[in-house]
Amino acid sequence: PTIKLEDYRPTDFVLHSVAMTIRLFEGSAEIDTQLVLERREGVGADTPLVLDGDELTLSGVTLDGAALAADAYTASPERLEISALPAAGRFTLAIGTRIVPEENTKLMGLYRSNGVWCTQCEAEGFRRITYFLDRPDVLAPYKVRIEADKAAAPILLSNGNPAEHGELPDDRHFAVWDDPFNKPSYLFAVVAGDLDSIHEEFTTASGKPVTLGIYTEKGRVAQAGYAMDALKRSMWWDERRFGREYDLDVFNVVAISDFNMGAMENKGLNVFNHKYVLLDSDTATDADYAGVETVIAHEYFHNWTGNRITCRDWFQLCLKEGLTVYRDQEFSADERSAPVQRINSVRRLKAHQFPEDQGPLQHPVRPREYKEINNFYTATVYDKGAELVRMIATILGRDDFRKGMDLYFERHDGDAATIEDFIACFEDAAGADLTQFALWYSQAGTPSLAITEDYDAASGTLTVGLKQALEVGASGTGGAPFHIPVRFGLVGSNGEDKAFTVAHGAEVDGDVIHLTGEEETVVFENVGERPYLSVLRDFSAPVTLHHEQSLSDRLALARLDPNLFNRWRILNDLVAEALVEASRKPLAPSQPPLPPEIVDAILGSAGDESIEAAYRAQALALPSEPEIARMLAENVDPDAIHAAVEAAKRFIGERGRKLFEAIRADARPAADFSPDADSAGRRSLANVALGYLAAASGDPAPAEAQYAAARNMTDRLAALAILVHRFPAADASKAALADFYTRFEDDGLVVDKWFALQATIPDVAALDTVAGLLDHPKFTLRNPNRVRALVGTFAGGNQLAFHRADGAGYRFVAERIAELDKLNPQIAARIATTFRSWRSFEAGRRHAAKAALENLAAIPDLSNDTRDIVGRSLR
Ligand code: ARG
Ligand code: ZN
């Protein structure tokens with residue numbers, strides 16, 4: 001069925017409290033749930049109570065302690081309907097269910113991972129544990145008693161604060177957890193198992209002591225120290241930046257090895273994919289460190305944006321996710337480098353959200369309908385959702401934005417809120433009108449923004465033209481003009497922003513032009529000598545920019561713009577445009593693969609020692625091949641793109657050889673590894689340099705030497721990737737790959753890297769390698785990280801081999817999706833989204849991809865999850 005935003009209505013019954021007893025045994029679990037409920041005022045006495053279930057078996061049900069008559073209820077695995085309930089007043093319903101966590105391969109609800117019992121309830125997993133009003137606007141306090149064998153599960157955790165615990169017969173024990181904060185069922189969690197842990201104390205700004213705990217599988221807790229550090233920094237930052245303090249006596253994080261997503265913000269008991277908790281310098285890269293920091297912060301920040309204030313319904317998902325991503329991005333910007341973080345976020349947005357917004361899976365940041373909510377945990381909801389919050393901050397300014405946030409926390413604490421509620425807080429706090437702005441939530445698609453400029457020397461006047469356009473795409477949500485905040489500066493030849501006065505035209509507020517019409521102009525007066533116009537600074541709106549600007553102006557800005565983000569963006573656009581051209585038609589033999597002046601500008605940025613190393617590494621990183629494919633938009637030929645990019649890499653490598661050698665010579669590793677942003681930036685710059693040198697020289701020896709000498713995973717994996725991707729047939733590469741496996745075969749997270757590296761070899765033959773790896777003893781469809789490492793990474797990250805001209809890549813991935821769909825539909829559906837840009841490829845590939853999707857669609861018992869993605873991809 002299709003669920004529609006406009007059909008929202010509150011439940012017929014109000015829930016007052018939940019008490020559960022969960023008895024865990026080998027091979028089964030018994031769940032007893034007591035719900036105190038009351039008919040909502042105005043609801044007729046004959047209206048039944050309908051509770052959600054999913055693959056459940058009812059073992060008993062009583063009303064106020066008495067058995068229900070057989071005709072008073074009907075139960076199926078999907079639903080429990082009870083009639084003859086009191087017309088008024090509270091009543092207690094006790095419901096018993098039986099489940100088998102060991103057989104739960106969907107990893108939603110209660111399941112076992114490596115012997116550990118754990119739960120995942122967002123979005124609709126609680127109904128796999130007990131019959132319930134399983135929707136986010138039904139809030140209640142929970143009291144949870146867990147019973148289990150003492151040896152199998154010495155640790156028993158749930159949400160809230162610990163209450164009693166004690167012994168039971170038969171070597172069993174129990175623990176009771178009490179969560180006083182009203183919460184929806186999707187934030188429920190239970191963990192039980194034989195876990196190691198570390199603990200620290202945190203005192204909140206107002207003096208409340210909190211015990212922090214991180215739990216891991218046996219023997220791995222030594223790898224949890226950085227996550228603990230990131231957690232404390234997150235708590236401190238949220239107090240300073242947003243005035244938000246933690247509210248319970250304990251905050252626990254558990255690292256789980258089989259987990260469908262990154263992590264989950266359950267109240268007081270965050271459950272994590274262990275990839276985002278466990279780290280040390282031998283086994284994790286700098287990017288992994290940054291990932292742990294971000295995800296720890298993200299889940300912690302949900303305590304206020306998600307838990308204390310939750311969502312009225314799942315259409316409002318961006319209310320918590322977009323806002324919380326914005327908050328974690330701001331945290332990373334403060335903890336690390338703001339321009340580098342912004343570059344990372346924009347790269348990510350363009351890599352994942354832009355293609356989604358420009359293809360058949362397009363949907364508004366707040367969708368208006370869905371068939372399967374799990375398929376809406378998307379780049380659009382998360383990352384574009386964060387961009388919308390960022391635009392509100394840009395439009396209002398930092399102070400008014402904070403006032404709006406304060407009002408939101410004050411007005412909606414304890415609520416299940418909507419986007420309208422959120423926006424009203426900013427309007428009320430800042431006296432702003434965000435009516436037009438709100439279109440960003442309902443209209444899908446990436447608008448284009450065209451900028452023209454005209455300078456009149458005689459009058460010292462600069463006239464800037466701005467024009468927006470939005471094509472109505474697959475979601476059909478309309479193309480009315482947006483309110484687009486365009487951050488800008490008029491840069492003088494000294495590299496400083498010039499003063500100006502605004503004569504007339506679109507509203508300009510400080511350094512922001514507010515484009516609200518389809519087409520507007522702004523006339524700047526008293527600008528003196530002709531300035532360089534720098535627009536869309538910090539990527540102030542998620543648009544595709546077309547700025548008619550001369551090459552010499554762009555190169556000047558790439559050197560001079562005080563906005564570091566824009567320096568990078570301008571160079572990146574120049575390179576991307578050149579690579580798009582080179583991919584369209586082969587270059588004449590005499591033509592350089594990239595205009596030399598652009599390459600020199602890049603090398604200039606990369607060699608600028610006054611700027612931090614991480615930024616310089618970003619200046620050198622070319623646009624990805626899928627990004628060039630997206631810009632081409634039609635008749636895409638991945639082989640041509642790859643050839644253009646490879647030629648460019650060799651050319652840059654040759655032209656910058658001296659610089660790259662100097663960078664490498666400079667990068668003597670410090671005696672002790674430190675994961676801080678500065679050290680990480682220096683490692684990343686040196687590794688980019690190594691990559692260019694290898695491209696230009698065709699010599700694997702320097703990478704081989706770095707692999708052998710590496711003292712941390714970042715340097716080791718960078719060297720290995722160069723060997724395996726650039727010289728797959730070389731003996732040195734084969735030896736290093738084998739060595740890597742032997743060194744790390746007992747660490748699943750590193751084995752994932754080993755699989756992913758081979759899945760991304762840029763060669764059509766990678767398909768055979770990946771197909772062969774399906775039979776590797778360490779490959780399994782049951783571990784989501786492993787499936788993502790091999791199949792997900794192949795489909796999403798190997799443009800040459802997945803999009804092979806003969807269609808074999810598509811057929812291979814479709815077959816894996818079909819197999820996986822029987823075990824874990826959520827992951828199968830996620831992998832199926834890699835087909836989303838199929839229509840933009842040249843005819844041969846297009847037909848092959850379509851046929852693979854149609855084969856999937858023809859499978860009679862395909863899950864809802866995968867059917868939804870396949871169906872929308874074909875629309
Ligand atoms: N709320 C979690 C987070 O972003 C992710 C949950 C994903 N759930 C899902 N059904 N895909 O922090
Ligand atoms: Zn989240």
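Counting starts at 1 for both ligands and their atoms, following the listed order. Everything quoted here is computed from the prediction, not taken from an experiment.
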Student: Checking the side chain of Gln362 only, and the main-chain atoms of Ala474 only, is there a donor and an acceptor separated by less than 3.5 Å?
Tutor: yes
Student: Look at Asp288 together with Lys753 and state whether they make a salt bridge at an N to O cut-off of under 4.0 Å.
Tutor: yes
Student: Would you say that more than 12 heavy atoms from the other residues, nucleotides or ligands in this model lie under 6.0 Å from the OH of Tyr441, or not?
Tutor: yes
Student: Counting distance only, does the side-chain N/O of Arg342 pair as donor-acceptor with the main-chain N or O of Ser337 below 3.5 Å?
Tutor: no
Student: Mind reading off the angle at the Zn ion (ligand 2) between the OE2 atom of Glu321 and the NE2 atom of His302, rounded to 10°?
Tutor: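 It is 90°, given to the nearest 10°.
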Student: Closest non-hydrogen protein atom to atom 7 (C) of ligand 1, residue and atom name please, with distance?
Tutor: Met261 SD, 3.1 Å
Student: Assert yes or no for the condition that the ring centre distance of Phe202 to Phe251 is strictly below 6.0 Å.
Tutor: no
Student: Would you kindly say whether Tyr276 and Glu299 are connected by a side-chain donor-acceptor distance under 3.5 Å?
Tutor: no
Student: Applying the salt bridge (charged side-chain N to carboxylate O under 4.0 Å, His left out) test to Asp134, which of Arg127, Arg128, Arg79 qualifies?
Tutor: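 Of the listed options, the one satisfying the test is Arg127.
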Student: Polar-atom distance check: Glu265 versus ligand 1, any N or O pair below 3.5 Å?
Tutor: yes
Student: With heavy atoms of Gln826 as the reference, note each atom of ligand 1 found under 4.0 Å away.
Tutor: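 So the atoms of ligand 1 that pass are 9 (C), 10 (N), 11 (N).
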Student: Answer with yes or no whether the side chains of Asn260 and Gln120 bring together a donor and an acceptor at under 3.5 Å.
Tutor: no
Student: When you measure from the heavy atoms of Met108 to every atom of ligand 1, does any distance fall below 4.0 Å?
Tutor: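 Flag not set, Met108 not near ligand 1.
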Student: Output the list of atoms in ligand 1 that are nearer than 4.0 Å to some heavy atom of His298, sorted by atom number.
Tutor: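 By the 4.0 Å cutoff, the relevant atoms are 3 (C), 4 (O), 12 (O).
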Student: Could you list which atoms of ligand 1 come closer than 4.0 Å to a heavy atom of Ala123?
Tutor: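 Those qualifying, in numeric order: 10 (N).
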Student: Report the nearest protein non-hydrogen atom to atom 1 (N) of ligand 1: residue, atom name, distance rounded to 0.1 Å.
Tutor: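 So the nearest neighbour among protein heavy atoms is Glu122 OE1, 2.5 Å.
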Student: How far is atom 5 (C) of ligand 1 from the closest protein heavy atom, and which atom is that?
Tutor: Tyr382 OH, 3.4 Å
Student: For Arg327 and Thr305, test the side chains for any donor-to-acceptor distance below 3.5 angstrom and give the result as yes or no.
Tutor: yes
Student: Can an N or O of Gln120 be found at a distance shorter than 3.5 Å from an N or O of ligand 1?
Tutor: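 No; every N/O pair is 3.5 Å or more apart.
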Student: Near Glu299, which atoms of ligand 1 are under 4.0 Å from a heavy atom of that residue?
Tutor: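 Under 4.0 Å from Glu299, ligand 1 has these atoms: 3 (C), 12 (O).
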Student: For Glu321, counting its heavy atoms only, list the atoms of ligand 1 lying under 4.0 Å from any of them.
Tutor: 1 (N), 2 (C), 3 (C), 4 (O)
Student: When you measure from atom 10 (N) of ligand 1 to every protein heavy atom, which one gives the shortest distance, and what is it?
Tutor: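 For atom 10 (N) of ligand 1, the nearest protein heavy atom is Asn374 OD1, 2.7 Å.
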Student: Just jot down the ligand 1 atoms closer than 4.0 angstrom to any heavy atom of Lys320, in number order.
Tutor: 1 (N)
